[in-house]
Number of protein chains: 2
Amino acid sequence: MRSLETLLDLFRQNGLKITAQRRMILELLVNDDSHPTAEQVYRRILETIPDISRTTVYNTLGELTDLGELTPVHNISGRGQRYDTNQETHHHLHCVECHELLDISRDYERMDLSLEEASGYRILRHQVTFFGICPDCQTRRGDHAADEDGRQLLMQSAPDTE
Amino acid sequence: MRSLETLLDLFRQNGLKITAQRRMILELLVNDDSHPTAEQVYRRILETIPDISRTTVYNTLGELTDLGELTPVHNISGRGQRYDTNQETHHHLHCVECHELLDISRDYERMDLSLEEASGYRILRHQVTFFGICPDCQTRRGDHAADEDGRQLLMQSAPDTE
DNA sequence: GTTTCTGCAAAACCTTTGCACAGCT
DNA sequence: AGCTGTGCAAAGGTTTTGCAGAAAC
């Protein structure tokens, strides 16, 4: 995400006032790459501004989204809309167990689509999501690749990591 | 999605009883590639089973997910969790305006991740999502690529479609 | 006949909205 | 001073839960 000063300027330029609440939300987001939900931002702001309301958090996240500084991201089976502070071209690594979401900064440049495949869409961007199991969740499960319980889909067509 | 008979067998094998409600939901999904939400499935089942409850629809979709026959998919800013009936390796084309979601059956085989990038994750699969504007929404907007209103983010780093 | 499923109602959860008061510039 | 933002409360939409009666095997 861009620097706090840049974001504050951007707010001013768009006629949005710099309040203590907004400043705190921006400060929190500037160095956050954890893709938090509104609720998570709210809870962390509560520690310094105990009487902030959820409305304000939702408003500010919406303003940042409209300004193009925040991007809503997929959140499969996790609760609540998550936000991505990273506006660079990047991709995602998503733990199917704990829903941790990491950024991958590599650029897979030429993901070509034939005209037929594009179905008349005007393509704006693309993003690759890798689904997997994070180290912590592997440990939690027992770390054995073979004797998994549960869902079959986890094991099928797994590409190599290298 | 697999055939109705296969799904019915799968249910039987897992001790799940074949009820009229479940059968109808399966029949509906077998030939549906529109990535419907639970609510959309519910509304369409209502036409033939007017007193089905949402609970039953949610239950059945959950069972299919646990069996690995249905995959929850990202649904950015659209309402409700969408489900993907396609378990083959495939990718997505997503309209950022109307949230239409199309399948692309191409296989981008070697999406390599370095060990460092994988961060210790055990990678299971990956999926590419192309974001764009569908033909209908282009028309609705006026079809001019140049003079767009709205959000900056839509125009940045747009790759060619060919 | 036993077990599981369904539908209902209620609750939980996430997000949006309307409005009066407070705060920023 | 004027305008915008904030917090509250309520509403709207989605999903989950507990349970009694109904249906499948």
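Both backbone and side-chain heavy atoms feed into the values below; hydrogens, waters and symmetry mates do not. Each chain gets a letter, A, B and so on, in the order its sequence line appears, and its residues count up from 1.
In this structure, of dT6(D), dG7(D), dG7(C), it is dG7(D) that holds the atom nearest to the side chain of Asp51(A). Listed nucleotides: dC5(C), dT15(C), dG5(D). Nearest to the side chain of Ala38(A): dT15(C). Comparing dG7(C), dT6(D), dG13(D) by their nearest atom to the side chain of Arg79(B) picks out dG13(D).
Note: His35(A) and His92(A) have perpendicular aromatic rings, judged against thresholds of 30 and 60 degrees for the angle between ring planes. Taking the six-membered ring for Trp and thresholds of 30 and 60 degrees, His74(B) and His74(A) have ring planes more than 60 degrees apart, a perpendicular arrangement.
Between Thr56(A) and dG7(D) there is a side-chain N or O to OP1 or OP2 distance below 4.0 Å.
Just one of Glu47(A), Gln40(A), Glu39(A) meets the side-chain hydrogen bond (donor to acceptor under 3.5 Å, both in side chains) condition when paired with Arg43(A); it is Glu39(A).
The interatomic distance linking Ile49(B) (CD1) with dA22(D) (P) rounds to 18 Å, in whole Å. Across the protein-nucleic acid pair, Asn59(B) atom CG and dT14(D) atom C1' stand 15 Å apart, rounded to whole Å. Straight-line distance from the CZ atom of Arg23(B) to the P atom of dC5(C): 16 Å, rounded to whole Å. When the C1' atom of dT16(D) is taken as reference, atom CD of Glu39(B) falls 15 Å away, rounded to whole Å. Phe11(A) has its CZ atom 20 Å from the P atom of dG23(C), to the nearest Å. With rounding to whole Å, Leu61(B) atom CG is found 10 Å from dT15(D) atom P. Atom pair Ile45(B):CD1 and dT6(C):P shows a separation of 12 Å (rounding to whole Å applied). Regarding Tyr42(A), its OH atom lies at a distance of 8 Å from the P atom of dC8(D), rounded to whole Å.
Nearest-nucleotide assignment on DNA chain C puts the 5′-proximal partner with Arg54(A), out of Arg54(A) and Lys17(A). With the nearest nucleotide of DNA chain C identified for both Gln21(B) and Gly80(A), Gln21(B) has the one nearer the 5' end. Closest-nucleotide positions on DNA chain D for Tyr58(B) and Ala20(B) were compared, and the one nearer the 5' end corresponds to Tyr58(B).
Within the 4.0 angstrom heavy-atom criterion, base atoms lie near Thr55(A).
Checked against the 6.0 Å centroid threshold, Tyr108(B) and His91(B) count as a close aromatic pair.
Under the 3.5 Å distance criterion, the side-chain polar atoms of Gln87(A) are matched with a main-chain donor or acceptor of Gly68(A).
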